[in-house]
Amino acid sequence: MPSGPLKGRIRVPGDKSVSHRSLMLGALAVGETRVTGLLEGEDVLATAQAMRQMGATITREGDGTWSIHGVGVGGLLQPAAPLDMGNSGTSTRLLMGVIASHGISATFTGDTSLSKRPMGRVIEPLSLMGAGFEASEGGTLPLTMHGALPAVPITYRLPVASAQVKSAVLLAGLNTPGVTTVIEPVPTRDHSERMLRGFGAELTVEEVGSERIIKVRGDAELKPQTIEVPGDPSSAAFFIVAATLVEGSDLVIENVGLNPTRAGLIDVLRQMGASIEELDQREVGGEPVADLRVRHAPLTGIDVDPAVAPSMIDEFPILFVAAALAGRTTVTTGLEELRVKESDRIAAMAAALTLAGARVEETGDGLIIHGSGGEPLRGTPDNAEVATQLDHRIAMSMAVAGLGSRDGVEVDNIRPISTSFPNFMALLEGTAG
Ligand code: S3P
């Protein structure tokens, strides 16, 4: 491989999902919540700004250390200006849930990527709870919503495996009389459930067969917490794959969140032959965490079980890069949801990897990737650039593909990386000798 080996010890920034939730729940508690390790990426800052616009006092005290003075469940104020959600689907969908049961109205706006993403999936259950919506055509942003007071508790079976939809309904349930129930046919990330319990909400989870039935009692009183945000496994993923691909690498990534609802990539990479050791397993902020030692190993393509998709939903772009450099063929299926992320990640990665010289076939619900068997990819041709389409994970995945290429990979725009991993390029350059 043309890159130098990845060596040493690194830390990736705090978990994006946990960071959003700590700001939201902190703003809904009465008193001061303190957070360390908060991800200071643009998506999370959009959540912080929105909570301020609705009355919370949120202060940055130092690197990743934040203080939130909440207004209490039911205490949010009507924002005077639109809530600018930037690129962040999580901020938008979860806040729609929060507002749905407050007697306030709010307008949501976002960038061109976010303005294409479907909001109907949250509008539907939140309308059943009594909220009103005026959305742009196709149920997209910009949209204005009117919360319901009191809202109506519902029992809602998720039609798509989405932690964002689940969380929106549970958050709406906090200020709804009675018990709000979400039924999850397929488990998705459970940070909301863990953190709601931590803040003192009455929340139960019952497993019936493969389904999870989650109930939250309304008129909740949340108690302020001290939260330590673990490192984001979705950010660690780029370094796990980079160290696996580049010969001679031996990298320790410290403090990585390993919630089983997030850790699918590690299992899949191990099935492909990766060497990933979990050191010093512990708990941080109510989440399982370990230091990961990753050493270079040759990979072999596999058929990826579609059942693992929700536990690695954001990691497919970087898995596709790993597959492009593996032996044999990797087949992925059941990934329709990837088409409605920050970009259509199936189409975007098929185009990007093909441009970099990989052999990729796009299907309706996944990619079939014929790996190079460890040979470097060609890289992007002169004057050609990968289109990242305002999608941070396409940009970071293709930067890692660049390490595994002969001529390097040019991407058109690395700015979106700051939505989730502001120091990514510096860390990659500092690690890959
Ligand atoms: C997230 C849930 C996932 C994920 C997103 C963050 C969350 O979306 O893709 O990056 O924090 O709840 P879906 O739940 O819509 O799949």
Side-chain angles (χ1 to χ4, degrees), residues 13-25 38-39 41-44 46-47 85-98 110 113-114 116-126 139 156 158-172 182 184-196 212 214 229-230 232-238 257 259 261-265 285 287 306-319 334-346 348 390-394 396-397 416-417 419-421:
D15 189 288
K16 183 147 76 76
S17 294
V18 174
S19 296
H20 282 300
R21 288 158 172 81
S22 47
L23 291 171
M24 291 179 195
L25 294 189
L38 188 91
L39 167 64
E42 287 167 4
D43 281 11
V44 174
T47 292
M85 301 285 93
N87 190 251
S88 179
T90 309
S91 311
T92 309
R93 297 200 178 109
L94 270 56
L95 285 178
M96 285 169 70
V98 170
S113 153
L114 182 59
K116 288 186 204 145
R117 299 181 65 187
M119 297 300 152
R121 54 181 61 197
V122 276
I123 292 175
E124 186 196 279
L126 299 176
Y156 191 68
L158 293 179
V160 276
S162 167
Q164 294 181 349
V165 178
K166 167 177 67 177
S167 303
V169 176
L170 294 175
L171 289 168
V182 179
E184 253 196 333
V186 185
T188 63
R189 66 188 69 192
D190 64 356
H191 306 298
S192 296
E193 295 92 307
R194 286 173 190 249
M195 203 183 282
L196 278 165
R212 298 171 77 236
I214 307 149
V229 180
D232 196 327
S234 299
S235 296
F238 301 105
N259 181 317
T261 62
R262 296 286 298 284
L265 176 74
E287 299 276 346
V308 305
S311 67
M312 56 174 290
I313 194 66
D314 292 334
E315 282 64 80
F316 282 96
I318 191 62
L319 175 70
L335 303 181
E336 297 85 350
E337 271 296 299
L338 293 194
R339 295 203 183 272
V340 292
K341 294 293 179 189
E342 286 82 329
S343 67
D344 174 344
R345 287 181 171 160
I346 297 180
L390 288 181
D391 188 332
H392 54 136
R393 298 201 198 279
I394 305 297
M396 289 187 277
S397 297
I417 295 175
T419 60
S420 68
F421 199 161

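Note that this is a predicted model, so its numbers are computed, not measured. Just so you know, residue 1 is the first one in the sequence shown, and it goes up from there. When a ligand or atom number is given, it counts from 1 through the structure's own listing order.
At a heavy-atom cutoff of 4.0 Å, ligand 1 is contacted by no atom of H191, backbone or side chain.
Nearest protein heavy-atom neighbour of atom 15 (O) of ligand 1: S162 OG, 3.0 Å. Protein heavy atom closest to atom 11 (O) of ligand 1, with residue, atom name and distance, is S17 OG, 2.7 Å. Given atom 6 (C) of ligand 1, the protein heavy atom at minimum distance is T90 OG1, 3.4 Å. Here the protein heavy atom with the shortest distance to atom 14 (O) of ligand 1 is A163 N, 2.6 Å.
Taking distance alone, with nitrogen or oxygen atoms compared against 3.5 Å, R121 stays at or beyond that limit from ligand 1. Any N or O atom pair closer than 3.5 Å counts here, and R93 shares no such pair with ligand 1. Residue contacts with ligand 1: R21 is placed with a nitrogen or oxygen under 3.5 Å of a nitrogen or oxygen of the ligand (distance criterion only).
Taking all heavy atoms of K16, E315, K341 into account, the minimum distance to atom 16 (O) of ligand 1 is reached by K341.
Side-chain atoms of H191 and S17 form no donor-acceptor pair, as typed in the model, at a separation below 3.5 Å. With no hydrogens or angles considered, no side-chain donor-acceptor pair links S343 and R393 at under 3.5 Å. Of the N and O atoms on the side chains of S234 and K16, not one donor lies less than 3.5 Å from an acceptor on the other residue.
When every heavy atom of E342 is checked against every heavy atom of L390, the shortest pair comes out as CB-O, 4.1 Å. The shortest non-hydrogen separation linking S22 to V229 is OG-CG2, 4.4 Å.
Using a 4.0 Å heavy-atom cutoff, D314 is listed among the residues neighbouring ligand 1.
Each of L171, T90, L196 was evaluated against R21; a single residue qualifies, T90, per the side chain to side chain contact (heavy atoms under 4.5 Å, CB included) test. The side chain to side chain contact (heavy atoms under 4.5 Å, CB included) test with T419 is passed by exactly one of D43, V44, L39: D43.
Within ligand 1, the atoms closer than 4.0 Å to a non-hydrogen atom of I313 are 9 (O), numbered from 1 in the order shown.
Taking the charged nitrogens against the carboxylate oxygens, D314 and R189 do have a contact shorter than 4.0 Å, which makes a salt bridge.
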